[in-house]
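Below, read A as the first sequence line, B as the second, and so on, with proteins coming before strands; counting in each chain starts at 1.
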Protein chains: 2
Amino acid sequence: MLNFEYCNPVNIVFGKGQIAKLSKLVPEGVKILVTYGGGSIKKNGVYDQVMQALEGRDVLEFGGIEPNPRYETCMKAVEIVKREKVGFLLAVGGGSVLDGTKFIASAALFEGEEPWDILTIGAEVKDAVPIGAIMTLPATGSEMNGHAVISRNSTGEKLAFWSQKVFPRFAILDPTTTMSLPERQVANGIVDTFVHVCEQYMTYPADTPIQDREAEGALLTLIEEGPKVFIDPTNYNVRANLMWAATVGLNGWMGQGCPQDWATHAIGHEITAFTGTDHGRTLALVMPALWKHEREAKRAKLLQYAQRVWGIQGGDPEKNIDLAIEKTVEFFKSVKIDASKRAYGLTDEICDKIVNVFNTRGVRLGERGAISGKEVGEILKLCAE
Amino acid sequence: MLNFEYCNPVNIVFGKGQIAKLSKLVPEGVKILVTYGGGSIKKNGVYDQVMQALEGRDVLEFGGIEPNPRYETCMKAVEIVKREKVGFLLAVGGGSVLDGTKFIASAALFEGEEPWDILTIGAEVKDAVPIGAIMTLPATGSEMNGHAVISRNSTGEKLAFWSQKVFPRFAILDPTTTMSLPERQVANGIVDTFVHVCEQYMTYPADTPIQDREAEGALLTLIEEGPKVFIDPTNYNVRANLMWAATVGLNGWMGQGCPQDWATHAIGHEITAFTGTDHGRTLALVMPALWKHEREAKRAKLLQYAQRVWGIQGGDPEKNIDLAIEKTVEFFKSVKIDASKRAYGLTDEICDKIVNVFNTRGVRLGERGAISGKEVGEILKLCAE
């Protein structure tokens, strides 16, 4: 097991009817800015529940945070936070709303000239406006971590930052709020969660049996519960388990002490930046190709995954690995994501551009830093046509 | 899944050489009281590492916190904390030292007349002196929770309390510090951890597949790693996995949203109070008897446990349950705990006294509150002779 430090102070408030607790969770005596996205919360009743719970408080609103939240949009909210002296940000929606809100919280108190530096050169987030979250889309795990991913229209960049300062003070997770989600977003969330877990797991063995089994347990749950949600979308327990899987999948817990490989996300972000493809779908496209490319480096864990997650063992190990990768793709299809380069407009020309991005940045991805621009190109070639 | 709230702000600092980080973790400008037990930390080098890391700080010491820490001992430390205006408590040792320190932290700032009320009538802990922990004995999980168990000499009571205020600010877990532990304590810690996990797991199915698999993963790890530590006591990875299991086993995470049954601990505490038997050993004695007694109520989970933890499936379900309970007892023996009433001096007379305690208190134990004094008596009868 590798050395680690882990501190996750988020107060998770999980279950039916928990939004009513908001009035106790949001601090008294401060101006609150409620942030949200395209307005689905006004259709599904969540907005009304929030406003009811905050009755009598000094509440402002900022809607319109888009999927892949944009710097340009967030900076408009930063102006409001500064002008109105907002003391608490309440993000209501999915991971994009919360990620955007984390950036707003950091940028509003940023001491430097240009808050974009937080994303490009890792400028330190010394302080941030406190955040609370009501999650209505299980996917990113943003409700229980300090991560955020922000895109910038003017440069076409999609970049991530992390800070202990932007962990939400609380996150309310009511599975019933997810029942009206479009199938497309549900599918994206399931695959996003599955891949988050795999990126903390599918590396090389580091003698971490507890963490491995936590990861395998989350994967098995997604495989069992994922397809059910499309057949029985108002099944509370299915929704609850998928929502909990998303939180467990990226609160960092299962990956402590483990080598990790976030190459799938890094490559996926670029596909989204160049083609506009949904985040979850890019992951379903890239991860199987990454595993094929990194087959030797990941051999022992691929075999463990084949055995413990898919029950594939005995016989030829090579075939077992092939079958486990096939099963993974089949699972993505079972939750209605049939990923291909053609479907997502990922042309050879765009692939070349993506390779260039990695060459220019000079980063080395993967658990051993073995993936540079050249390997990204090879992985993109291995993606389903 | 049941509704829940979970907030665990402990900063876990895990791994080799992490005690050196102490100087950054302990706040500046306050008087520090280092608490410890019988002095083993002076023999294994931990005391020296701590004092080196705290060089130049205003440090006091309070040693002699015993296993099953006593109210009478803790109150002596409370006097020091008050008199010397101590601003930070650093517990160095096992769960008993940390539990005692949690009570010291609470009692020192207690506003009522009698801090024992925290344990007997649940008097609120409104504030507590901040605590840091260096754990040298993996067992209680106290390093990442707000629980403490305190005994009182004058009354023979052993009682528990919980407060969000006594979660340690940080817990340093260096597996190398556990390598010099006596076998007896190692064995106790493994069984204690195993039983903590079971008490969050062995109830009735509540559609909590992620939590179930987290629990099963911890149990499998204890079964695999536990016996190794006696053969190869300086194996770092074995020590690391056992240490992490103890934290995972009782930081509350795997039990969120699940029904729970803490009857084994409740009964075990009384056996310790009356016979002085080590805590872990009382659990090894009681849990198999409890499972036999509650066989019908726990049937579905016993069968799941048989299958997923012991690979027992097919054939007669009754035999599978019997075998799973047998395997559990064999596992305890494999880590050198061969529990019996005779070995622990648990006579019929003492059993009657314990039943009386539960009758007098009138509590109802178990996931459905089905266990009162009468059932405790029946469970004690089913314990290995």
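For B:Y236, the part sitting under 4.5 Å from any heavy atom of chain A is the side chain, from C-beta outward, and nothing else. The part of A:M144 that comes within reach of chain B is its side chain, from C-beta onward, which places non-hydrogen atoms under 4.5 angstrom from that chain. Heavy-atom distances place no part of B:L173 under 4.5 Å from chain A, backbone and side chain included. Interface remark: A:V10 contributes backbone atoms only to the contact with chain B (heavy atom separation under 4.5 Å).
Evaluated for a side chain to side chain contact (heavy atoms under 4.5 Å, CB included) with A:I172, the options A:I12, A:V46, A:L22 yield exactly one hit, A:L22.
Taking A:P9, A:P209, A:G257 one by one and counting their heavy-atom pairs under 4.5 Å with chain B, the maximum is reached by A:P209. Contacts with chain B were tallied for A:L222, A:D212, A:D207, A:L2; A:D207 has the most, counting heavy-atom pairs under 4.5 Å. Chosen from A:A215, A:G217, A:P175, the residue pairing most often with chain B at heavy-atom distances under 4.5 Å is A:G217.
A distance of 11.0 Å separates CD in A:E216 from CD in A:Q211, rounded to the nearest 0.5 Å.
Contact check on B:K21 versus A:E5 returns a salt bridge, with a Lys/Arg side-chain nitrogen under 4.0 Å from an Asp/Glu carboxylate oxygen. Ion pairing between a basic and an acidic side chain is recognised when a charged N comes within 4.0 Å of a carboxylate O; B:E224 and A:R213 show such pairing.
Between B:Q200 and B:G249, the closest heavy-atom pair is NE2-O, 2.7 Å. Closest of all the heavy-atom pairs between B:L98 and B:A133 is CD2-CB, 3.9 Å.
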